[in-house]
A.B. asks: 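To start, I am sharing the structure in question, which I have written as C-alpha cells.
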There are 2 protein chains.
Amino acid sequence: MRRLWHLLGVAFGLASAVGCFLVGAYFQHTHATRQLQQLVQQDVYAYYISPKIFAAFGFFNIPKGAPNHVQRIMKYGFPGLDDVRLYSDFVLSYDRRNRVAHWVCEHLQLANLQGARGVGRASATYRADLSVPSNFRSTLADYKHSGFDRGHLAAAGNHRGQQVHCNETFLLTNIAPQIGQGFNSGAWNKLEIYVRELTLSFGSVYVCTGPLFKPRAQGNRKWSVEYQMIGENMVAVPTHFFKVIMVESRLPLGKPYMEAYVLPNAPIPDQSTLRDFLCDIREIEHFAGLHFFQGIRRSAIFGSNYPSESKVFREFA
Amino acid sequence: MRRLWHLLGVAFGLASAVGCFLVGAYFQHTHATRQLQQLVQQDVYAYYISPKIFAAFGFFNIPKGAPNHVQRIMKYGFPGLDDVRLYSDFVLSYDRRNRVAHWVCEHLQLANLQGARGVGRASATYRADLSVPSNFRSTLADYKHSGFDRGHLAAAGNHRGQQVHCNETFLLTNIAPQIGQGFNSGAWNKLEIYVRELTLSFGSVYVCTGPLFKPRAQGNRKWSVEYQMIGENMVAVPTHFFKVIMVESRLPLGKPYMEAYVLPNAPIPDQSTLRDFLCDIREIEHFAGLHFFQGIRRSAIFGSNYPSESKVFREFA
C-alpha cells in the first residue's frame with residue numbers, strides 16, 4: 001500500500017514537472033509573442049520581416065493579432081523599403097535625396113470617402129513634416145514663388161474618415177511640385193476623381209501614387225534625365241506622376257483588376273482622356289525602381305496591361 | 001512520520017513544478033533566441049531591428065551571438081535602407097531606379113589588403129548580379145561602347161583576403177559608369193590608394209562609397225539635375241562620386257577620425273591634390289539622402305570637416 005503511494009507520488013511529481021515545463025515554455029512563448037506583436041505594430045521594418053520572425057518560433061501555434069491599419073493598407077506588399085513612414089490612413093516611402101516621396105500607398109473604402117460630418121480640407125493646412133531630419137526635409141518656403149503647386153500624392157478627398165487623416169495628407173512628405181493649370185487642377189484631379197468612383201462602385205481599391213524622373217532621348221542614341229530643383233532645400237520637380245490602381249473583386253474567388261496611369265507634369269489639354277495615359281505597370285516599375293502588389297501573381301491579373309479587355313475601365317469625358 | 005513524508009512530497013512536487021516551469025520558459029527562450037539569431041545573420045532588415053526584437057524578450061539575459069561579418073562592417077549604422085544587399089566582404093544598398101548602388105560600405109583591416117597568395121583581380125571578371133530582378137539589373141551590354149569605364153565602388157584591391165571577396169567586387173551592382181582617362185585611372189585611383197595607406201597606418205578603416213547626382217545652377221536662380229543614362233537598361237552616369245572615411249583610433253578611448261571626398265566624374269588634372277576635393281559630410285548627406293556613421297556623435301569627431309586640424313591628413317603628390 002505504502003509502495004503504491006510512493007509510486008503515485010513519483011508519477012504525480014513527474015507529470016507535474018513535464019506539465020509545468022510545457023506551461024513555462026508556453027508562458028514565455030506567449031509573453032514574447034505579445035511583445036513582438038506590439039513591435040510589429042510600431043515598426044514598419046519589424047512588420048516587413050514579421051513572417052520570418054514568427055516562423056522562427058514554430059514551437060506552438062501563433063495566435064494572430066488583430067490586423068492594424070498598416071497591415072490592411074500594405075496587404076499586397078511594399079513597393080520599396082526606403083525610409084518607410086506610417087501615417088494614420090496611408091503609408092509612404094520618402095526619397096531623402098529628392099525631398100519628395102518614392103510612393104504613397106492608400107486603401108480606399110466607402111468609409112474613407114464619405115467621411116464624418118465637418119471633416120474636410122477646409123480646416124487643413126500645408127506644413128513641413130518635422131519627423132523628417134532637417135537635412136532631408138522640404139519646407140513651405142521651398143514651394144513659395146516656385147511657380148509650382150503643392151500637389152497631393154495621397155489625395156485629400158480620399159481621407160475623410162477623421163480630420164487627422166485629412167490633415168496628414170497636407171504634410172509636405174505627401175506633397176510634390178506640380179504644374180497647377182492643366183495638371184493639378186486638370187487631368188490629375190480627373191484621375192483622383194476616377195479612383196474615388198472606382199471605390200464607390202467596387203468597395204475596395206488599393207492605390208499607389210508617386211513621381212517619375214523619366215529619361216529623354218537627346219539624339220545620337222543618347223538618353224538623359226533632367227529635372228528642376230526648387231527652394232533652398234532642393235526639392236525635385238518630377239517629370240511625370242504615376243498611379244497604380246488595384247480593384248479587389250467583390251466575388252469570393254474573383255480576380256483583382258489592375259491598371260496604371262502615367263501623366264506628364266505639364267499642362268494637359270482638356271480634350272485628352274485618361275485612357276490616353278494608360279501605361280504598362282512594368283514600365284513604371286522600371287523607371288521608378290519599385291515593385292507593385294507583389295503579393296499577386298501577375299499572370300492571375302485580368303487585363304492589367306490590356307485596357308480593351310477590361311470590364312472596369314470606363315471612358316472619361 | 002507519515003505526515004512529514006506527505007509534506008515533503010508536496011514540497012518536492014511544488015519545487016519541481018516551479019523549477020520545471022522556469023526550465024521550460026528558459027528552454028523556449030533559448031530556442032527562440034537561437035532561431036532569431038540565425039534570422040538576424042541572414043536577413044539585413046532583421047539585423048537592423050534586432051536590438052528591438054531582443055529587447056522584446058527581456059525575460060532572461062540574452063546570450064550574444066558571435067558577431068558575423070555584416071555586424072562588423074555595419075558597426076556604425078546603415079547610411080540608408082533601400083534594397084540592402086549582403087556580400088561576403090562588403091554591404092551595398094542598390095538604387096533600382098538608377099541601376100547603380102546608393103552606397104557600398106567596407107571595413108578595411110590589414111588582412112583584407114595583404115591577402116592570400118594568388119588572390120587578386122587577374123582571375124576576376126565583370127558580370128551582372130543575377131540576384132537583382134531583371135527589370136532593375138545592369139548588364140555588361142549596357143557598358144559596352146558606352147564610352148565609360150566600369151568603375152569599382154568597393155575597390156578590388158581592398159578585398160584580397162579570399163578570391164571570392166575580390167570576385168564579388170566585379171559584380172555590376174558594385175560598378176558605376178566612370179570617366180576612364182583622368183578619373184578611374186587617375187584621381188579616383190589615388191583616393192583608393194590613400195584609403196589603403198590609411199589602413200596600413202591605422203589598422204581599422206570604415207569606408208562608404210557612392211554616386212552623387214548633384215544639381216547645377218541654370219542661371220536666373222534656377223537649379224536642375226542632369227545626368228546621362230547608358231544602355232538598354234538605362235544605367236545612370238553619376239555626376240560625382242563620394243567616399244566617406246572613418247579611421248578608428250588605436251587608443252582604448254581614442255576618438256575616431258572622419259573625412260569625406262567628392263570628386264566630379266570628369267577628367268581631373270594630374271596636378272590636383274586630394275585635399276582639393278575634401279567635402280563637408282553634411283553636404284554629401286544632403287545630396288545623397290544618406291546618413292553616415294550615425295552610431296557616432298558628430299560632436300565627438302575631431303576634425304571631421306576641418307582638414308587643417310587633422311593629424312591624419314597627408315598631402316598627396
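No experiment lies behind these values; they were computed from the predicted model shown.
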A.B. asks: Between B:Phe213 and chain A, which part of the residue has a heavy atom less than 4.5 Å away: side chain, backbone, both or neither?
C.D. replies: side chain
A.B. asks: Could you tell me the separation between the CD1 atom of A:Ile284 and the NE2 atom of A:His240, rounded to the nearest 0.5 Å?
C.D. replies: 11.0 Å
A.B. asks: Between B:Asp95 and A:Arg97, does the salt bridge (charged side-chain N to carboxylate O under 4.0 Å, His left out) criterion hold? Intermediate values first, please.
C.D. replies: CA-CA 11 Å; B:Asp95 183 353; A:Arg97 181 166 63 192; 2.7 Å; yes
A.B. asks: Nearest 0.5 Å, what's the OH-SG distance between B:Tyr76 and B:Cys208?
C.D. replies: 14.5 Å
A.B. asks: Quick one: NZ on A:Lys214 to CH2 on A:Trp223, what's the gap to the nearest 0.5 Å?
C.D. replies: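 So the NZ of A:Lys214 and the CH2 of A:Trp223 are separated by 8.5 Å.
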A.B. asks: What residue, out of A:Ile49, A:Val225, A:Val18, has the most heavy-atom pairs lying under 4.5 Å from chain B?
C.D. replies: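 Top option by heavy-atom pairs under 4.5 Å: A:Val225.
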A.B. asks: Side chains of B:Tyr227 and B:Asn265: any donor to acceptor distance under 3.5 Å?
C.D. replies: no
A.B. asks: Identify which part of B:Ala288 has an atom lying under 4.5 Å from any heavy atom of chain A, answering side chain, backbone, both or neither.
C.D. replies: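 For B:Ala288, the contact with chain A is made by the backbone alone.
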A.B. asks: Tell me, out of B:Val237, B:Leu290, B:Ile230, B:Asn135, who's got the most heavy-atom pairs with chain A below 4.5 Å.
C.D. replies: B:Asn135
A.B. asks: Measure across B:Val84 and B:Val91 and return the closest heavy-atom pair with its distance rounded to 0.1 Å.
C.D. replies: CG1-CG1, 3.8 Å
A.B. asks: Contact part of A:Arg99 toward chain B, heavy-atom cut-off under 4.5 Å: side chain, backbone, both or neither?
C.D. replies: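 For A:Arg99, side-chain heavy atoms alone lie under 4.5 Å from chain B.
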A.B. asks: Under a 4.5 Å heavy-atom cut-off, does chain A meet the side chain of B:Asp83, its backbone, both or neither?
C.D. replies: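 For B:Asp83, no heavy atom lies under 4.5 Å from chain A.
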A.B. asks: Among A:Met229, A:His286, A:His6, which residue forms the greatest number of heavy-atom pairs with chain B at distances under 4.5 Å?
C.D. replies: A:His286
A.B. asks: Chain A heavy atoms under 4.5 Å from B:Leu81: which part of the residue, side chain, backbone, both or neither?
C.D. replies: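 For B:Leu81, the contact with chain A is made by backbone and side chain together.
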A.B. asks: Using heavy-atom distances under 4.5 Å, tell me whether B:Phe136 contacts chain A through its side chain, its backbone, both, or neither.
C.D. replies: side chain
A.B. asks: Among A:Pro215, A:Ser16, A:Ser224, A:Ser146, which residue has the highest count of heavy-atom pairs closer than 4.5 Å to chain B?
C.D. replies: A:Ser224
A.B. asks: In this structure, are over 12 heavy atoms from other groups packed under 6.0 Å from A:Phe78 atom CZ?
C.D. replies: yes
